[in-house]
Amino acid sequence: MLDMEKLVSLCKRRGFIFQSSEIYGGINSCWDYGPLGVELKNNIKRQWWSAMAHREGISGLDASILMHPKVWEASGHVAGFSDPLVDCKKCKHRFRADQLSKKHCPDCGGELTELRQFNLMFKTFMGPVEDETSVVYLRPETAQGSYVNFLNVQSTLRQKLPFGIAQIGKAFRNEITPGNFIFRTREFEQMEMQYFVKPEEDEKWFEHWKEQRLKWHLGIGLNPKKLRFHEHGKQELAHYAKQAVDIQYEFPFGWNEMEGIHNRTDFDLTRHEKYSGKSLHYFDDETKQKYIPYIIETAVGCDRTLLACLSDAYCEEEERSVLKFSPCLAPVKVAFFPLIKKPELCELAHKLQDSVGFHYLTKYDEGGSIGRRYRRQDEIGTPLCVTVDFDSLTDQSVTVRDRDTMKQERIGVAQLVSVLNTKLGLS
Ligand code: ATP
């Protein structure tokens, strides 16, 4: 099993993920994505967006993080989005009561306080006056933005059921026990799709999206042996759900949820209709009936997916450590090297790098032995390296080296771009 400390240290050393506000000693459970981390994250988001928002019948949305406070009353978050909290009277450590098996502190054996419910929403104030009338919340999920825009999207695009709304955006939860690096944080990013369906077709679409979402995780290269479904039993179901399944991944610290697929029935739209006083019924042209659609939701955490991709890709081999990312996720796709630091070799390496253009991220490196440069790229998961040597100046060909097989191939400069694209799966 991969050691989390090794992964965290690699992430810091190579510029994937830094602790937030590090020069001030950091802030608990907040992380910053560095130069490579932001590329990886954007690649994950791009894969999700094209697979979900670009499908026929699904459209994108970018709703605001701050919403009318009544949204959170209607959704049930004000009344019910809470975890049971207990404190240790002796060492003062804090725990989620539902995660404890004993009645005493797991850290020091001390006595625990009475259980109290702790609402996970972050509260703040809108405008200059800090009183109860100006309270707003940082959204704990992106879903509600899609529900309150259901009619806007449906009527502007003249959508017929079934249709979907896809969103990627930040969400905030004041988690009692954040941890495991970026697995559980208080600020995180979600990629959610809400699919509005005829009520009698809910089970069919639930199965459809369950399969589609598993396919997506396999498509970005995750190991099938580390993915599984977990069906929610009656006890586990959220207040809004008729049926729910998680896609779990076997993280270095065990099997855990990465994505949830939920049949939310007509709960959300019915509640928003009641709380807003606006009709959210859908008029069915075929049957001439008006009804509230059911919603099948697919909700995946971007940060958790990124952690799964990192742990899945990490490999230690005899003389190197490698991140074997699928090419679609690799932050840097190709690195260009002159064999040694001679002006004519450097110039050709730069020229070849320029010929790729800005379609994907490339890097130029002339520092250290060629072997060390390969290792550096292996460690950040670059699938291909191109080396220019003295022969290149006369035979107009270069060496292309594959990260996983470490095999080297001589390729003519004229074909280089198309060969790289083919190897990267871009053409
Ligand atoms: P959990 O049971 O782990 O708290 P959840 O069931 O409350 O998660 P959902 O509300 O279904 O999660 O949110 C959808 C997805 O958002 C989750 O599958 C997860 O990937 C991500 N997510 C939720 N909470 C967090 C968090 N605190 N940090 C990072 N990602 C999160």
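Whatever order the structure lists ligands and atoms in, that order sets their numbers, starting from 1.
- Nearest protein heavy-atom neighbour of atom 16 (O) of ligand 1: Gln190 NE2, 3.3 Å.
- Here the protein heavy atom with the shortest distance to atom 4 (O) of ligand 1 is Arg184 NH1, 2.7 Å.
- With respect to atom 21 (C) of ligand 1, the closest heavy atom belonging to the protein is Gly301 CA, 3.7 Å.
- Within the 4.0 Å heavy-atom cutoff, Arg186 does not count among the residues contacting ligand 1.
- Less than 4.0 angstrom separates some heavy atom of Glu259 from each of these atoms of ligand 1: 18 (O).
- For Lys160 and Asp285, the salt-bridge test passes: some basic side-chain N is under 4.0 Å from an acidic carboxylate O.
- Ligand 1 has no N or O atom lying under 3.5 Å from any N or O atom of Ile182, backbone or side chain.
- Looking only at protein heavy atoms, the nearest one to atom 28 (N) of ligand 1 is Thr185 N, 3.0 Å.
- When hydrogens are left out, the protein atom nearest atom 10 (O) of ligand 1 is Arg173 NH2, 2.9 Å; that is the closest non-hydrogen contact.
- Between Asp83 and Arg173 no salt bridge is recorded (no basic side-chain N to carboxylate O distance below 4.0 Å).
- Atom 22 (N) of ligand 1 has its closest protein heavy atom at Phe188 CE1, 3.5 Å.
- The two residues Ala335 and Thr382 have their closest heavy-atom pair at N-CG2, 3.8 Å.
- Using a 4.0 Å cut-off to heavy atoms of Glu175, the atoms of ligand 1 that qualify are 24 (N), 26 (C), 27 (N).
- When each of Arg372, Arg376, Gln377 is tested with Asp365 by the rule side chain to side chain donor-acceptor pair (under 3.5 Å), just one qualifies, namely Arg376.
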Kindly indicate, with the supporting measurements, whether the criterion ring pair (Phe, Tyr, Trp, His ring centres under 6.0 Å) is fulfilled by Phe336 and His350.
CA-CA 8 Å; Phe336 290 86; His350 275 305; 9.5 Å; no

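- In this structure, His217 and Arg213 have side chains that are in contact, with non-hydrogen atoms separated by less than 4.5 Å.
- If you check which protein heavy atom lies closest to atom 17 (C) of ligand 1, you get Glu257 OE2, 3.4 Å.
- With respect to the salt-bridge test (charged N to carboxylate O, under 4.0 angstrom), the residues Arg264 and Glu297 qualify.
- At least one N or O atom of Arg304 sits closer than 3.5 Å to an N or O atom of ligand 1.
- Between Phe81 and Trp72, the distance separating the two ring centers is not shorter than 6.0 angstrom.
- Tyr195 and Trp205 have their aromatic ring centers within a separation under 6.0 angstrom.
- Counting heavy atoms closer than 4.0 Å to ligand 1, residue Glu141 contributes nothing at all.
- In this structure, atom 20 (O) of ligand 1 lies nearest to the protein heavy atom Met258 O, 2.8 Å.
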